[in-house]
Peer 1: 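Below is a structure I'd like to ask you about.
These numbers come from the heavy atoms of this one structure, side chains and all, not from hydrogens, waters or symmetry mates. Keep in mind that this is a model prediction, so the values were computed, not measured. All chains are named by letter (A, B, ...) in the order of the sequence lines, taking the proteins before the strands, and each is independently numbered beginning at 1.
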2 protein chains.
Amino acid sequence: MKIGELAKSLGVSTDTLRYYEQHKLLTPSGRSEAGYRMYTQQQRRQMQFILRAKAVGFSLKDIQELLQIQIEKHQHSCEEVKEITLQKLHLVRARIEELQRFEQSLSKLAQRCCGGPESADFCSILTALEDVDGTCN
Amino acid sequence: MKIGELAKSLGVSTDTLRYYEQHKLLTPSGRSEAGYRMYTQQQRRQMQFILRAKAVGFSLKDIQELLQIQIEKHQHSCEEVKEITLQKLHLVRARIEELQRFEQSLSKLAQRCCGGPESADFCSILTALEDVDGTCN
DNA sequence: ATAAACCTTAGAGTTAACACCAAGGTCAAG
DNA sequence: CTTGACCTTGGTGTTAACTCTAAGGTTTAT
């Protein structure tokens with residue numbers, strides 16, 4: 001299968017497939033006479049693995065590791081795989097907490113602001129950001 | 001006050017202050033004879049405004065808008081300010097939801113994996129990522 | 001035979017918010 | 001008078017995951 005067919009069948013761009021090749025995530029099985037990249041069902045499955053891993057939040061760098069392990073499964077342990085997963089989980093949770101702090105601050109600011117058409121001279125949002133004691137949180 | 005003094009008093013780098021100047025967030029009040037940037041208390045307050053806005057999750061681009069409004073308050077309405085705040089709030093919430101989906105998937109994957117020292121041949125995480133019906137969510 | 005659709009490489013551009021570097025000028029203290 | 005701390009500009013580097021462009025070769029359908 002040529003790059004365009006694989007791309008279309010998975011809903012990604014050909015650029016993405018070439019990018020993944022460059023970054024050692026998916027190597028075509030070979031080249032046609034004209035130099036075109038050729039892919040088999042095996043590569044298609046690997047690309048699906050990549051897409052599923054992306055869908056659960058793994059970065060391409062994580063996925064590289066996971067692929068390495070997947071390809072040589074019996075040389076690796078469950079522990080390794082779980083470790084990668086847990087690390088990502090912690091990272092995601094930390095980011096969620098940071099964003100939740102933002103959410104708290106922003107929703108409080110928004111709640112206290114009348115949001116009307118009057119001049120912003122006494123806007124509570126601006127005041128909060130200006131003043132030392134403006135409650136931004 | 002010179003750039004280094006302002007920077008130190010606010011816990012930012014001089015690079016940051018120059019960057020903000022380039023991006024129209026904070027312009028020094030003038031230059032000394034030697035060409036050094038000079039700042040007044042007014043600029044210091046503006047920088048604090050910027051830092052507080054950053055702390056609640058606004059991007060520098062948002063802050064540009066907010067500053068514009070703050071500087072010419074009576075030509076703008078509360079509505080505008082609240083609109084910026086609400087837009088950011090929606091964006092933050094959307095990002096949180098995306099990350100929470102990641103969190104769900106990752107924690108389920110992690111829970112089902114034994115994480116032991118045995119070979120990854122039958123690792124449930126890898127299996128989930130490989131199979132069409134592998135429950136990644 | 002030619003046009004449309006596909007493929008190739010290499011490289012630049014995108015976004016955010018800085019950090020870092022080089023080469024040089026300035027200022028205060030001892 | 002010299003050392004060290006500070007300042008200047010202009011430029012490059014960082015991270016992630018692509019996207020786009022240019023200039024050209026290939027295949028397929030009519």
Peer 1: Answer yes or no: does a side-chain N or O of A:Arg31 lie under 4.0 Å from OP1 or OP2 of C:dT9?
Peer 2: yes
Peer 1: Over how many whole Å does the gap from A:Gln22 atom CD to D:dC20 atom P extend?
Peer 2: 16 Å
Peer 1: Just by modelled atom types, is the A:Gly115 backbone N or O under 3.5 Å from a matching donor or acceptor in the B:Glu80 side chain?
Peer 2: no
Peer 1: Give the rounded distance in Å between these two atoms: CG of A:Leu17 and P of C:dC6.
Peer 2: 15 Å
Peer 1: Nearest whole Å is fine: how far is C:dC6 P from A:Leu6 CG?
Peer 2: 15 Å
Peer 1: Quick one: label B:Arg18 by what it contacts on the DNA or RNA (base, sugar-phosphate, nothing), any heavy atom closer than 4.0 Å.
Peer 2: base
Peer 1: Across nucleotides 22-30 of chain C, 5' to 3', mark each nucleotide with B, S or - according to how protein heavy atoms within less than 4.0 Å reach it.
Peer 2: ---BBS---
Peer 1: Taking 4.0 angstrom as the limit, do B:Glu103 and B:Lys108 come out as a salt bridge?
Peer 2: no
Peer 1: Roughly, in whole Å, what's the span from CD in A:Gln64 to P in D:dA17?
Peer 2: 10 Å
Peer 1: With the sugar-phosphate defined as primed atoms, P, OP1 and OP2, and the base as all remaining atoms, what B/S/- string results for nucleotides 14-20 of chain C, 5' to 3', for protein heavy atoms under 4.0 Å?
Peer 2: ---BBSB
Peer 1: Side chain of A:Ser29, backbone of A:Met38: donor and acceptor closer than 3.5 Å?
Peer 2: yes
Peer 1: Taking atom types as modelled, is there a side-chain donor on A:Ser13 or A:Thr16 under 3.5 Å from an acceptor on the other?
Peer 2: yes
Peer 1: Mind calculating the distance between CD (A:Glu5) and P (D:dT26) to the nearest angstrom?
Peer 2: 19 Å
Peer 1: Quick check on DNA chain D: between B:Arg37 and B:Lys8, whose nearest nucleotide comes earlier from the 5' end?
Peer 2: B:Lys8
Peer 1: OH of B:Tyr39 versus C1' of D:dC6: gap in Å, rounded?
Peer 2: 14 Å
